[in-house]
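Letters go in sequence order (proteins before strands), and every chain restarts at 1.
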Amino acid sequence: MDEKYFPEQIENKWQQRWAESGVFQAPTDDPREKFYCLEMLPYPSGFLHMGHVRNYAIGDALAWFKRLQGFNVLHPIGWDSFGQPAEQAAIKRGVNPRDWTEQNIAHMRGQLKRLGISYDWSREIAAHRPDYYKWDQWFFLKMFERGLAYKKVSQVNWCPKEQTVLSNEQSSGGICWRCSTPVEKRDLEQWFLKITDYAEQLVADIKQIEDGWPDKVLKRQSDWVGRSEGAYVDFPVKDSDKKIRVFTTRIDTIYGANAVVMSAEHPLLAELLEGSSLKPDIEAFAQKIRTQRAAGREVGEEEKEGLNTGVLAINPFSGEVLPVWVANYVLMEYGTGAVMSVPAHDDRDFEFAQKYSLPIRQVIAPVTHQQLDAEPTPTTGGDASAEIKHSFTDYGVLINSGDWGGKLSEVAMREMAEHAKTNGFGEPAVTYRIRDWGVSRQRFWGAPVPMIYCDKDGMVPVPYDQLPVVLPQTAAFTGTGESPLAGVPEFVNTTCPQCQGPARRETDTMDTFVDSSWYFFRYLDPRNEGEAFDPNVAKQWTPVDQYIGGDSHAVMHLIYTRFWTKFMRDIGLVNFDEPVKRLLTQGMVTNRVEGTDEWKAMSKTLGNGVDPDQMIQIFGADAARLFVLFAAPVENELRWSDTGIEGSVRFLRRVYTMVWKWHERLADRGGPQPAGEFSAEARTLRRKTHQTIAKITSDLTQLHLNTSVAALMELFNQISDFNADPATASAEDVFVVREALESLVILLTPFAPHVGEELWEALGHAGGLLKELPRWPVADPELARREELEIPIQVNGKLRSRVIAAPDVSEDDLRASALADERVRALIDGHEVVKVIVVPRRLVNIVIR
RNA sequence: GCGAAAGUGGCGGAAUUGGCAGACGCGCCAGACUUAGGAUCUGGUACCGAGAGGUGUGGGGGUUCGAGUCCCCCCUUUCGCACCA
């Protein structure tokens, strides 16, 4: 140990030792309880940014904590190395995507090692290597076998800037998730994965994880699947044998329907208009809507527009004849592409009816709470002609609804759907918003879809023993939107596995979200050449105990990986439904944008980035890590501060200096042993030590890292205040200081592991902390709680005095000592004591008159 | 527009969940040591007031002996969703 804290020196020393000893390698067969600590794997863009540092510092704190507690901790890392930027680099700068990616990985791996994150590097994986993407292809074939991977022509979301297809998730809001370019629609033949088969489970299984995931993520998951319960109802077309099927969640309002409204893309529309004089007008209108939407303009921003088709339909409940309209606000993609319009009880229908002066009829009346218990009756008159100014969308009681009048919405919805089913014009139904996952990409830098097209045998899956379908070394990177692989004859031309004749390979590659849907299973068995992973090995490690990453992945990645896990369960690879027990979505790291008052995520283009390497060089990895953990709660935005990190260095330096001052005396365990009484100051320090152990143990479990660091600082301040001189300290004082300092060093290690290891060694424990496990200190419960309580005494609610009491003071004793207090007696003298409120361990309040 | 969450010093944020508001850190002020200080150390730092004391957790009301914390209304901010029938 040097007298002065030189971060670089001790960081190099310990990083080297960790690498040599392999202490972070997690053995698969181990009697200790496992803990799988996982951070979202990074895209190898070339450089670590502060968001990464924060993510990995959080994960590492937890990994260390669990390790020191005696768990067998798996803490792996890898690279999400397929994807657009590598290909963009190829297009723009003519570099090979593979070389570019490998260089980036090499550089970022170095940065991670300089940060000293305790990864098991022996398990490192990268998605772009054939031994990884082979299994993407394997899974794809498994899904194909089960009918979960299929091809269809579809209108896809197309990003004109990146010249590629985007999934629904990636084009949410009509803009590209990566470059914010407005998305266009195009017709292409595409591969899809049938995530909709799992829609119900993706909602239902949320209850298995609701205690471990943030509420807002669960809500977004659930919203994305978009389950709605309702009913299908068939409206027969007048003078025809055709029917228009609508989906509604409010079948109870059906007597209020004033029209049936269809989407312009509805396939039935052309048939209905056969021979109608309005046909050209309506087709022109439908075309207009299609054009609007193809231009990527958001529905919802448009004013409602519609056209009466002249077709008539019959309300199967009331027998009423209703006009059929086409309108821009009905989406083909959801439900059946047709709705019943009930303006009195739906905002959109109301707006539409107002614009086109369609009749509005109230069929639901509000009910009061008393009426819910009693016979339901409407509170407002059931006057159908009454003018309605707004739609009333709450549940209520039915009026103007034939035999159903007087029933509550909840009851009517159930009964009416059953009635429709019994009479053959509908049924209860559940629909989902989620659509199948389009995984085809017209890209080079991805896992090739393992399919072959043969003129004779048609579409043939690549046999399992021919995997992987290896990406060629290079291709023409034109950026025109054609699959670059189509221009590589050696790749395209192959033989048909069935007839051995000439055949062509599929030239699409897979969405990179495929790679990240199951990567954390590959860590468990990363060099397995015979399978994606050994299910028996996986059983020992999974599910993931703690997953940490940015909330930008709260929808896409997490919904895909949940889907993938359920599929793996169905093919017998895993035996649970949900892959992640606890999830933490950490906040962004932001910095002030130069010349403004705005705080934005660090980025190159904004010029507000902070280089982790520079921070490590100036302040040391430990200080950088300590600062990001201390500066804000993990889920909050973290506003970068250059002076803040200096505070962290200062703290580490003070701790270092303190240990330097004591280390010779403390390392010598052969001196006089404590035999006498502890001084009052020593007892105070002991109490603080044990309180801190208790607090940090509990805070770390809940990932309250900022308050853990604060508690460390408090303990340090307390040790500083304990003004003993190492040269002359009594055996008792040495004991107390040793206990305090050793605890401090261990508790500090998850936040600043290099300093922790160095100081632990300096205190006389050769070889560092990981030599003897477990090491995490356990608080003495007697000492951890306050020795004495200072209980406030109030008179008529005002604080008037305090009384010192033992922690286990009885209510009666507390009351007695409060009433005996001099100041209190002076106050209550001459007044009547009305009552005395005693809250044990908390307070006494005396009410007088 | 709909939905959710949140508003505490100059700043990031604490507060054992209804019990001494402002822990810890940054910044700032003063002092010490210094040729020097953007190093280090010591002390101070919610607001008003010379003081005793008073006031304070976005605003207004309420429940309670007691409210940052619970309830109602309003304001503001942030984040989600955005014609999903």
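- Rounded to whole angstrom, the span from the CD atom of A:Gln691 across to the P atom of B:A14 amounts to 20 Å.
- Residue A:Thr707 has no polar side-chain atom (N or O) positioned under 4.0 Å from OP1 or OP2 of B:C24.
- Taking only side-chain nitrogens and oxygens, A:Arg245 never comes nearer than 4.0 Å to OP1 or OP2 of B:A85.
- Figure legend: A:Arg433 and A:Trp224 shown as a cation-pi pair, the cationic atom lying under 6.0 angstrom from the six-membered ring centre and within 45 degrees of its axis.
- Rounded to whole angstrom, the span from the NZ atom of A:Lys304 across to the C1' atom of B:G1 amounts to 10 Å.
- Salt-bridge annotation for A:Arg653 and A:Glu646: absent, with no side-chain N of the basic residue lying under 4.0 Å from a carboxylate O of the acidic one.
- Of the P atoms belonging to B:C28 and B:U34, the separation is 24 Å, rounded to the nearest Å.
- Whole-Å rounding puts the A:Asn636 CG to B:U77 C1' distance at 14 Å.
- Nearest to the side-chain atoms of A:Tyr329 among the listed nucleotides B:C83, B:C24, B:C26 stands B:C83.
- The nucleotide whose nearest atom lies closest to any side-chain atom of A:Ala632 is, among B:C81, B:G12, B:A85, B:G12.
- The partner of B:A46 is B:U55, judged by Watson-Crick or G-U wobble contacts that both fall below 3.5 Å.
- The residue A:Asp349 sits apart from the nucleic acid: no heavy atom pair falls under 4.0 Å.
- In the set B:G25, B:G13, B:A85, B:G25 carries the atom at the smallest distance from any side-chain atom of A:Phe630.
- When distances are taken from the side chain of A:Lys219 to each of B:C24, B:A85, B:G3, the shortest belongs to B:G3.
- Base pairing of B:A32 is made with B:U40, judged by Watson-Crick or G-U wobble geometry with both donor-acceptor distances under 3.5 Å.
- Nearest to the side chain of A:Asn717, among B:C24, B:G3, B:A14, sits B:C24.
- Closest contact between the side chain of A:Arg654 and the listed nucleotides B:C24, B:G80, B:C41 involves B:C41.
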- Quick one: do A:Phe285 and A:Trp325 satisfy ring-ring contact (aromatic ring centres under 6.0 Å, His included)? Show the steps, please. CA-CA 12 Å; A:Phe285 175 71; A:Trp325 286 65; 9.4 Å; no
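- Nucleic acid contact class of A:Gly226 (heavy atoms, under 4.0 Å, all strands): none.
- You'll find that the side chain of A:Arg653 is closest to B:A39, out of B:A39, B:A23, B:A85.
- Map A:Asp347 and A:Tyr432 each onto its nearest nucleotide of RNA chain B; the residue landing nearer the 5' end is A:Asp347.
- With a glycosidic angle further than 90° from 0, B:U64 counts as anti.
- Classified by its glycosidic torsion, B:G9 falls in the syn category, the angle being within 90° of 0.
- Look at CG on A:Asp215: it is 14 Å from C1' on B:C79, rounded to the nearest Å.
- Nucleotides B:C74 and B:G13 place their C1' atoms 27 Å apart, quoted to the nearest Å.
- Contact annotation for A:Arg639: no contact, since no heavy-atom pair falls under 4.0 Å across all strands.
- If you take CG of A:Asp642 and C1' of B:G27, they are 14 Å apart, rounded to a whole angstrom.
- Nearest to the side-chain atoms of A:Thr643 among the listed nucleotides B:C26, B:A85, B:C24 stands B:C26.
- Using the Watson-Crick or G-U wobble rule with both distances under 3.5 Å, B:C20 pairs with nothing in any strand shown.
- On the P atoms, B:C11 is 15 Å away from B:C48, given to the nearest whole Å.
- One interatomic measurement links the two molecules: CZ of A:Phe651 to P of B:A39, which rounds to 19 Å at whole-angstrom precision.
- A 3.5 Å limit on both hydrogen-bonding distances identifies B:G10 as the Watson-Crick or G-U partner of B:C26.
- Figure legend. B:A5 is base-paired to B:U77; pairs are counted as Watson-Crick or G-U wobble with both atom distances under 3.5 Å.
- Ring centroids of A:Phe317 and A:Phe425 are separated by less than 6.0 Å, placing the two rings close together.
- The same atom, C1', is picked in B:G7 and in B:G59; the two are 12 Å apart, to the nearest Å.
- Panel note: side chain A:Asp436, backbone A:Thr196; a donor-acceptor pair is recorded below 3.5 Å.
- Of the P atoms belonging to B:G51 and B:A5, the separation is 44 Å, rounded to the nearest Å.
- Nearest nucleotide to the A:Ala710 side chain, out of B:A23, B:G25, B:C26: B:A23.
- With rounding to whole Å, A:Asn328 atom CG is found 9 Å from B:C83 atom C1'.
- Rounded to a whole angstrom, the distance from the P atom of B:U57 to that of B:U42 is 34 Å.
- Side-chain atoms of A:Tyr334 and A:Ser228 include a donor-acceptor pair closer than 3.5 Å.
- When only modelled atom types and interatomic distance are considered, A:Ser720 and A:Asn717 share no side-chain donor-acceptor pair under 3.5 Å.
- Taking the side chain of A:Asn706 as heavy atoms from C-beta on, and the options B:A85, B:G13, B:U40, the nearest nucleotide is B:G13.
- Separating the C1' atom of B:U8 from that of B:U77 is a span of 15 Å, rounded to the nearest Å.
- For the pair A:Arg650 and B:C41, the criterion of a side-chain N or O lying under 4.0 Å from OP1 or OP2 is not met.
- Using bins of under 30°, 30° to 60° and over 60° for the plane-to-plane angle, the ring pair A:Tyr656/A:Tyr5 lands in the tilted bin.
- Of the C1' atoms belonging to B:U16 and B:G12, the separation is 22 Å, rounded to the nearest Å.
- A straight line from CG of A:Asp223 to C1' of B:G3 spans 9 Å, rounded to a whole angstrom.
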